[in-house]
Amino acid sequence: MQPEFQTAAMGVGAVGLETDDPLIYRALVSPKRQAVVDVAKGRAETYGQLDEAVGRGAALIAKLTNGLPLSQRIAFLGRNSIEQITVCLACQRAGHVFVPLNWRLGASELGQIIADCEPALLLHDVEFAKVLADVKTVLPRTIAIEGDGGWSNMLAGAERAQPVPMEADAPCIMLYTSGTTGSPKGVIITRRNAFASAVNFAIVGEVTSRSVALCDLPFFHTIGLVAIGRTTLMMGGRLVISDRFLPERTLSVLGDAALGVTHYFAVPQMAAALRNAPGWDPAALKALQAIFIGGAPLSPALIDTFLQDGIPLVNGYGMSEAGTAIHMPLDREAVARHPGSVGFPAPLLALRLVGEDGQDVADGEVGEIWLKGPSITPGYWNKPGETARAFVGEWYRTGDLGRRAEGGVIHVPDRLKDMYISGGENVFPAEVEAVIGAHPKVRDVAVLGLPDPKWGECGIAFIVAQADAPSAEEILVHCAERLASYKRPSRIVFLEQIPRTASGKAQKHILRQTHANS
């Protein structure tokens with residue numbers, strides 16, 4: 001399956017997706033309702049104001065790309081802000097593709113992505129001007145958001161443009177994968193994909209016009225830009241934007257009765273940091289329906305801790321290539337009854353669990369998760385080989401392992417590539433990580449398999465300790481009491497920090513390269 005990356009505007013009689021712009025309807029029916037709040041800048045805009053800014057942004061982008069074909073990539077390097085949401089939606093109205101760049105990357109890494117996506121224009125926060133100056137790749141025209149001659153000033157003088165009609169399968173966003181395996185890939189998200197992804201999350205997350213969603217997960221990942229941002233605006237809720245995760249500030253925003261945040265999204269490490277922050281007070285979070293978790297395995301111990309405070313951690317599973325794919329319901333009893341489960345398939349997706357023989361596995365057995373539906377990417381930018389390998393017909397192969405338990409809930413034991421074989425037995429690192437992570441002296445953990453002359457492969461556990469650090473012997477005894485012998489790590493390595501992506505996934509390729517001989 002090979003995606004078409006250049007999609008023309010619709011001609012006479014063409015059929016497109018008329019309802020994919022998340023603002024037009026809301027600006028028409030509730031223009032004075034507050035749409036976005038920027039925590040860092042102390043700004044807010046109504047749906048009418050945001051729609052007006054997006055219309056002017058579309059006109060400005062069209063002017064800056066004058067003479068170029070549609071579906072140009074427009075890159076953005078900056079923290080979460082109203083401006084970034086405006087540029088994203090303006091790109092779609094102008095018939096172009098929004099490419100948010102990971103601001104945590106260094107100049108060399110950014111240069112590789114910029115060279116790959118070949119943007120026609122690069123917008124950036126002033127904060128990141130220095131790293132751009134160190135990029136060796138030839139840059140397109142770059143415009144700062146702030147300052148004289150910057151995007152914000154140019155926007156103020158622009159005329160409003162009408163949306164460019166495009167086919168439903170025209171790309172509108174490109175997200176670069178987080179690079180847990182090394183080289184990032186540009187994931188194409190079409191207008192149909194983005195719309196279906198938002199519908200999926202609106203249903204599983206119970207997002208309505210009364211919802212207030214706080215987002216401090218970065219917009220360069222699908223959970224921030226699509227699941228949180230796009231869904232909230234499409235449903236007419238209030239999107240509260242934070243430029244970064246600061247536990248005490250986040251708790252202050254969550255406890256602000258005037259905002260009344262109902263939906264908050266985090267990776268497990270963020271949830272643990274909130275729970276351990278000095279200002280933690282579950283009584284102040286009465287409006288919060290749930291904390292939505294994704295990006296990394298969620299330990300039953302952390303779930304129990306939050307449930308004791310009356311706040312469910314609602315687990316989910318998704319990716320840039322599919323958006324929200326599997327999700328637990330917003331139900332405390334269901335969360336308690338299925339600890340560690342990622343829930344049920346989203347309504348607009350079909351799911352299979354497939355064995356090595358290409359056949360569906362029985363309930364209770366582990367197979368690779370295959371997905372099909374309107375939210376699934378058509379493929380990867382400039383990588384036809386990667387695209388072909390990712391699909392079997394219409395089915396997208398996620399590379400993740402799943403198991404269907406009683407009642408239909410799905411568990412994700414691990415990545416297919418992370419599973420290792422010790423003494424002829426399959427070992428799922430996520431299971432071992434959950435056991436070690438439950439130790440009270442462990443703050444963070446990652447486990448991977450490395451070659452062993454006797455057993456084929458053996459596990460090595462990388463641990464970030466709490467202030468009261470455990471010994472390696474304590475960890476091994478803890479594992480011996482809870483795990484079969486072949487699952488126990490043979491080595492323990494203590495680190496100050498485990499390298500993780502912005503979405504919380506351990507970068508095990510870095511650990512493997514750095515500590516192979518530990």
Side-chain angles (χ1 to χ4, degrees), residues 3-11 14 16-17 20-24 50-78 81-101 110-111 113-126 128-129 132 135 137-176 186-191 193-194 219-220 225 381-382:
E4 293 186 12
F5 299 114
Q6 298 291 337
T7 306
M10 293 189 298
L17 190 63
D20 67 330
D21 190 307
L23 282 185
I24 291 176
L50 183 59
D51 182 63
E52 177 68 23
V54 169
R56 284 188 273 115
L60 183 53
I61 289 171
K63 180 180 178 181
L64 293 169
T65 57
N66 185 41
L68 296 175
L70 295 173
S71 294
Q72 295 297 308
R73 278 72 58 210
I74 310 297
F76 191 103
L77 181 64
S81 63
I82 292 177
E83 287 79 10
Q84 185 166 177
I85 284 289
T86 301
V87 172
C88 174
L89 297 176
C91 284
Q92 178 169 321
R93 285 203 192 170
H96 294 304
V97 183
F98 180 68
V99 187
L101 303 176
L110 282 172
I113 291 175
I114 292 168
D116 184 64
C117 70
E118 299 180 303
L121 180 66
L122 196 162
L123 305 174
H124 66 91
D125 288 349
V126 169
F128 301 107
L132 285 174
V135 170
T137 304
V138 176
L139 295 175
R141 180 177 180 180
T142 63
I143 300 174
I145 296 297
E146 308 93 339
D148 295 338
W151 167 268
S152 295
N153 283 347
M154 296 168 70
L155 189 68
E159 297 290 332
R160 179 177 178 138
Q162 293 300 311
V164 173
M166 300 285 285
E167 296 283 358
D169 292 322
C172 65
I173 297 171
M174 189 154 74
L175 297 177
Y176 275 83
V187 179
I188 298 296
I189 298 176
T190 68
R191 298 160 76 103
N193 295 157
F219 285 153
F220 54 74
L225 189 65
W381 171 259
N382 279 342

Problem set entry | Minimum side-chain heavy-atom gap Asp20-Cys172 below 4.5 Å | no
Exercise. Can you find a heavy atom in the side chain of Leu64 that is under 4.5 Å from one in the side chain of Met154?
Worked result: yes
Exercise. Is Leu175 close to Pro100 at the side-chain level, that is, under 4.5 Å between some pair of heavy atoms?
Worked result: yes
Exercise. Would a 4.5 Å heavy-atom cut-off, applied to side chains only, mark Asp21 and Leu89 as touching?
Worked result: no
Problem set entry | Nearest heavy atoms of Leu132 and Leu139, plus distance in Å | O-CD1, 3.7 Å
Exercise. Which one of Ile61, Val54, Thr86 satisfies the side-chain contact (heavy atoms from CB on, under 4.5 Å) criterion with Cys91?
Worked result: Ile61
Exercise. Do the charged groups of Asp51 and Arg93 touch, with an N to O distance under 4.0 Å?
Worked result: yes
Problem set entry | Heavy-atom side-chain contact between Ser71 and Pro171 under 4.5 Å | yes
Exercise. Are any side-chain N or O atoms of Glu146 and backbone N or O atoms of Val126, one a donor and one an acceptor, separated by less than 3.5 Å?
Worked result: yes
Exercise. Taking the side chain as C-beta and beyond, is there a heavy-atom pair between Trp151 and Val87 under 4.5 Å?
Worked result: yes
Exercise. Between the side chain of Thr190 and the main-chain N/O of Asp169, is any donor-acceptor distance below 3.5 Å?
Worked result: no
Exercise. Does Asn153 reach the main-chain N or O of Gly147 with its side chain, forming a donor-acceptor pair under 3.5 Å?
Worked result: yes
Exercise. Is any side-chain heavy atom of Tyr176 less than 4.5 Å from a side-chain heavy atom of Cys117?
Worked result: yes
Exercise. Under 3.5 Å, is there a donor-acceptor pair between the side chain of Arg191 and the main chain of Ala170?
Worked result: no
For this session: Please say which of Gln72, His96, Arg141 ends up in a side-chain hydrogen bond (donor to acceptor under 3.5 Å, both in side chains) with Thr65.
Result: His96
For this session: Search all heavy atoms of Arg56 against all heavy atoms of Ala158 and return the closest pair with its distance.
Result: CD-O, 3.1 Å
For this session: Measure across Pro140 and Ile114 and return the closest heavy-atom pair with its distance rounded to 0.1 Å.
Result: CD-CG2, 4.4 Å
Exercise. So do Ile145 and Ser152 actually touch side chain to side chain, heavy atoms under 4.5 Å?
Worked result: yes
For this session: Of all the heavy-atom pairs spanning Cys88 and Leu225, show the shortest one and how long it is.
Result: SG-CD1, 4.0 Å
